[in-house]
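Just so you know, these numbers come straight off a predicted model, no measurement behind them. Keep in mind that the numbers below use all heavy atoms, side chains included, and drop hydrogens, waters and symmetry copies. So that the names make sense, note that chain A is the first sequence line, chain B the second, and so on, each numbered from 1.
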Protein chains: 2
Amino acid sequence: MQIDPSSSADLSVQIAQAIKDAIISGELIVDERLPSEAELSDHFQVSRPTVREALKRLAAQSLIRTQRGASGGAFVNRLSFEDAYAQQVTTSTLLLSMNAVSFDTACEARYALERACAPLSAVRRSADHLATMRAEIFRQGQPGLTDVAFCASDVAFHRALVDGAGNPVLSYQLAGAVEAMQPLMNMITFTARDRAVITGLHTRIADSIEAGDGGAAVTGLQDLEDETRNLARNVFAARAKR
Amino acid sequence: MQIDPSSSADLSVQIAQAIKDAIISGELIVDERLPSEAELSDHFQVSRPTVREALKRLAAQSLIRTQRGASGGAFVNRLSFEDAYAQQVTTSTLLLSMNAVSFDTACEARYALERACAPLSAVRRSADHLATMRAEIFRQGQPGLTDVAFCASDVAFHRALVDGAGNPVLSYQLAGAVEAMQPLMNMITFTARDRAVITGLHTRIADSIEAGDGGAAVTGLQDLEDETRNLARNVFAARAKR
DNA sequence: AGGCTTTAAATGTCAGACTTTTAAATGTCA
DNA sequence: TGACATTTAAAAGTCTGACATTTAAAGCCT
C-alpha cells in the first residue's frame, strides 16, 4: 500500500484508493483488521484526520466497517447482497431523478430486464414466491388502497417474480431497475379500471409462472409494459393540456 | 436539515444522512452550493473535521463534489451515467469476489440480461455499434492475443451489443453484470479452438443484429452462454483433478 | 471458578492554526 | 478605455495536540 507523493490529488483520496486497491487485489481479505488510524497515519506520513477522511470514504461504500473500543478498528467488510442492493437502489433513484430520464426509457429497461427473469422464474420459483405474488395481487384488488400503496404492492409483486429466478446476482441487478421506477410510477393516478387491468395482467403472469410456462409469462410482461406506457402517456398528455 | 441530538449514531453519519435526505427530497438541487464547512459546523454545532468526514462520505458516493479556492465549496453533483456506471462495476466486482458467487450463477445472470437487450439492439443499433462489434470480432481472431486481451475484447463486443439498444438505463444496469464477469472469465484459458467457436458465435450474433433479427440474436446468445458454461466446467474440472 | 474492577487501546470529537488554491476585486499602464 | 498584472480574501486541505467515549481484556477479589 503506497501513495504517490508527486500526485496532485487530495491525500485522503489517494489513501482511500490505495486501501481500496489492496482490498480488490486480495492483499486485504474479508474481516481482516486494517492497521489502526495512528499506524496508518504513520505509514502514509499524514495526519490522523486525513487518514480518517480516507476511511470514511471507504465506509460510505461499505468496503470497511469500524468498531470502537479495545481491539476495535477498521475491518474489511464482506459486501453483502443486501448492502449492494441498497446502494443500487439509491444510485438508480438519483440517476433517474437527476437526469430527467423519461418514463418510457426507464419503463422499457425495467420490463426488458424482467422478461429476462421470467423464464427462469417459471422453472425455479418456490411456493413461497408464488404465494407472495398471489398475496400482492389480492392486496391490489382491495378497495380504498392509495395509489402509493398500490405502487408499493406492484413493486413487491415484481420483486417476488424476480427473486423466483433463484439467482441472487439477477435479483441484485434488477433491484435498481424495479425500485427506482417507483417514484416515477407514483406520479401516475390509477383509476379503478386501470387497476383492474393491471391486476388482471398480474394474475395472467402469476398463472403462467405457476404453470411453468415462461413464454406466456414473457408475453404477459410485454402486455403489462404496453399497458403501463399507455397509461403514463395518457396521464402526461392530460396533465400537459391542463 | 436537522440531526437528532439523542441519536447514538456517529455525528458524521447523521450529518451525511441529513444532507443526503435534503438532496433526495429536492431541498438541495443539482449544482447548488452547500454552506461552507465553517457554516455547516456552526449549523450542526459540531467541529469542522466532523463536518468534513460527513462531506467525504457523500463525495465517495458522487453525491457532491468539492472545489477549492474563493467561491469554492461543496456542490450537489449531477450523478452522471458514467459515475453510476463506475460505481456499479466496482460494487458488482466486489460482490462477486467476496461472496464466492459461482461462475454459473454470474454467467446465467449476465446472459439473461443480455438477451433482454438483443431485440432492442437489433432494431436500434447504429452503424457505429455494429462496426465496433465487427472490429472486436476481428481482434479476437488475431493470433498472439493474450487471454486477458481476448476477454477484454469480449467485454467490448458485448458492451457494443448492449449499448446498441439505445437505452442508457439498460446500459448502466448491464455494466455491472458484464464487466464484473471479467475477473471470472480471466480465470479461463482459451484454446485456439475455443476462441474459434466463440468468435464464430459472435459473428452469428452480429449478423443477426445487422439483419435486424432479434430472435436469432437471442438464440445466438443462448448458444454462447451454453458454450461459455461448458468451457468453464471443463476448465474447473481439469483444475480440480490436478 | 466466577464475577467485579481496572486498564489500555482504539475510535470519535473538538479547537485552533497553518497551507494551498482560486476567483474576484483592485490597481496599473498603454 | 481596455487589457493585463497584482493583491486580497474566501474556502477547502492539512496538521498538531488534546480530550471523550467505548469496549475488550487483564487483573483482582471473594
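- A side-chain donor from one of A/Ser102 and A/Thr105 sits under 3.5 Å from a side-chain acceptor of the other.
- Using cut-offs of 30° and 60° for the angle between ring planes, the B/Phe103 and B/Phe236 rings count as perpendicular.
- The side chain of A/Thr50 contributes an N or O atom lying less than 4.0 Å from OP1 or OP2 of D/dC15.
- Mapping B/Gly69 and A/Ala70 onto DNA chain D by nearest heavy atom places B/Gly69 closer to the 5' end of the strand.
- Remark: C1' of D/dT14 and CD of A/Gln14 are 13 Å apart, rounded to the nearest angstrom.
- Note on A/Ser12: every side-chain N or O is 4.0 Å or more away from OP1 and OP2 of D/dG13.
- Look at CD on B/Glu37: it is 15 Å from C1' on D/dC15, rounded to the nearest Å.
- Remark: C/dG27 base-pairs with D/dC4; criterion is Watson-Crick or G-U wobble with both hydrogen-bond distances under 3.5 Å.
- Taking atom NZ of A/Lys56 as the reference point, atom P of C/dT11 lies 9 Å away to the nearest angstrom.
- Position along DNA chain D of the nearest nucleotide to A/Pro49 versus B/Ser36 favours B/Ser36 as the more 5'-ward residue.
- Nearest heavy atom pair, residue A/Met98 against residue B/Leu79, reads SD-N, 3.3 Å.
- Across all strands shown, A/Arg33 has heavy atoms under 4.0 Å from sugar-phosphate atoms exclusively, and none from any base.
- C/dT21 atom P lies 15 Å from atom CD of B/Gln67, rounded to whole Å.
- Here the C1' atom of nucleotide D/dC15 and the CZ atom of A/Phe44 are 17 Å apart, to the nearest Å.
- The existence of a salt bridge linking B/Asp31 and B/Arg65 is confirmed by a sub-4.0 Å separation between a basic side-chain nitrogen and an acidic carboxylate oxygen.
- When rounded to the nearest whole Å, the span between CG of B/Leu40 and C1' of D/dA10 equals 15 Å.
- Candidate nucleotides C/dT11, D/dC15, D/dA12 were compared by shortest atom distance to the side chain of A/Val46, and D/dC15 ranks first.
- The CZ atom of A/Arg52 sits 18 Å away from the P atom of D/dG17 (whole-angstrom rounding).
- A salt bridge does not link B/Glu136 with B/Arg159: none of the charged nitrogens is closer than 4.0 Å to a carboxylate oxygen.
- Going from atom CD of A/Gln45 over to atom P of D/dT16 covers 9 Å, rounded to whole Å.
- Both distances falling under 3.5 Å, in either a Watson-Crick or a G-U wobble arrangement, place D/dA11 opposite C/dT20.
- Side-chain atoms of A/Arg68 come within donor-acceptor range of the base of D/dT21, with a qualifying N/O pair under 3.5 Å.
- Look at A/Ser71 and you won't find any side-chain N or O under 4.0 angstrom from OP1 or OP2 of D/dA24.
- The base of D/dG13 lies close enough to the side chain of B/Arg48 for a donor and an acceptor atom to sit less than 3.5 Å apart.
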